[in-house]
Amino acid sequence: MTQYWLMKSEPHVYPYEQLVADGSTHWDGVRNYQARNFMRDKMKIGDMVLFYHSNTKPPHVAGLARVCKEGYPDFTAFDESSKYYDSKSNPENPRWFMVDLEPVTAMNNSVDLPDMRENPALEGMALLARGQRLSVQPVDKEHFMEVCRMGDVEGSL
DNA sequence: GCCAACGTTGGC
DNA sequence: GCCAACGTTGGC
């Protein structure tokens, strides 16, 4: 059973176009326990992901991605030269985990946050909840499908 | 740049 | 285990 997710990235750090260029990527740098737990315990190969660009004008869903490798230790936490280094994580007892993603398709229509807020079909979506800032979050199938409809990418599912 | 929301840290 | 201080996220 396919599960659905939303993952945030700041486009100046890692845009969707970079995922397309790379072919796949490891989702490193998540340092939040709730987000970690989703990646370590819940996300499965084949799960579908809304790739969201945050901290940009306007914030928007940039494309669809798919989980292509399940949770494994985030090795950037072991690397003292990485900005994601965490002295409390080590290979014997890793604290942080990541998954790998591959691109599916960029959105054909821009799906901007203000448009999502105005869409009654997306009522209750975690992304739209006040004050939420979780960078990895589950999405209801119905909400996922509606975002795909808004982005005109249903044909890619 | 502001600031609300919320997660983390650390003293006690 | 409480909670104040502090740091970060991320929309606006």
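Sequence lines set the chain letters: A, B, ... in the order given, protein chains first and strands last, and positions in each chain run from 1.
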- Have a look at A:V30 and tell me which of A:M7, A:K8, A:M39 forms a side-chain contact (heavy atoms from CB on, under 4.5 Å) with it.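 Per the side-chain contact (heavy atoms from CB on, under 4.5 Å) rule, the option paired with A:V30 is A:M39, out of A:M7, A:K8, A:M39.
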- Query: Can you name the one residue among A:H143, A:E142, A:M150 that meets side-chain contact (heavy atoms from CB on, under 4.5 Å) with A:E146?
  - Reply: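 Single pass found, and it is A:M150.
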Taking [atom1] from [X] and [atom2] from [N], how many angstroms apart are they, rounded to a whole number?
X: A:L113; N: C:dT9; atom1: CG; atom2: C1'; value: 14 Å
X: A:M7; N: C:dT9; atom1: CE; atom2: C1'; value: 16 Å
X: A:H53; N: C:dG11; atom1: NE2; atom2: C1'; value: 16 Å
X: A:H60; N: C:dG10; atom1: NE2; atom2: C1'; value: 14 Å
X: A:L134; N: C:dG10; atom1: CG; atom2: P; value: 9 Å
X: A:M116; N: C:dG11; atom1: CE; atom2: C1'; value: 14 Å
X: A:R117; N: C:dG10; atom1: CZ; atom2: C1'; value: 11 Å

- Has A:K141 got more than 12 heavy atoms of other residues, nucleotides or ligands less than 6.0 Å from its NZ?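 Not buried by this count: 12 neighbours or fewer within 6.0 Å.
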- Message: One character per nucleotide, please: for nucleotides 1-7 of chain B, 5' to 3', B when the base has a protein heavy atom closer than 4.0 Å, S when only the sugar-phosphate does, - otherwise.
- Response: ---SBBS
- Are OP1 or OP2 of C:dT9 and a side-chain N or O of A:Y52 less than 4.0 angstrom apart?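 For C:dT9, neither OP1 nor OP2 has a side-chain N or O of A:Y52 closer than 4.0 Å.
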- Query: So among A:R40, A:H26, A:R31, which one has a side-chain hydrogen bond (donor to acceptor under 3.5 Å, both in side chains) with A:D74?
  - Reply: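 Answer to the side-chain hydrogen bond (donor to acceptor under 3.5 Å, both in side chains) test with A:D74 among A:R40, A:H26, A:R31: A:R31.
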- Task: Report the residues that fulfil ring pair (Phe, Tyr, Trp, His ring centres under 6.0 Å) with A:F144, sequence neighbours left out, ordered by chain and then residue number.
- Result: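 Counting only residues at least two positions away or on another chain, A:F144 forms a ring pair (Phe, Tyr, Trp, His ring centres under 6.0 Å) with A:Y4.
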- Query: Of all residues at least two apart in sequence or in a different chain, which pass the ring pair (Phe, Tyr, Trp, His ring centres under 6.0 Å) check with A:Y85?
  - Reply: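 None.
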- Task: Using a 4.0 Å heavy-atom cut-off across all strands, classify A:K57 as base, sugar-phosphate, or nothing.
- Result: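 Counting heavy atoms under 4.0 Å across all strands, no contact is made by A:K57.
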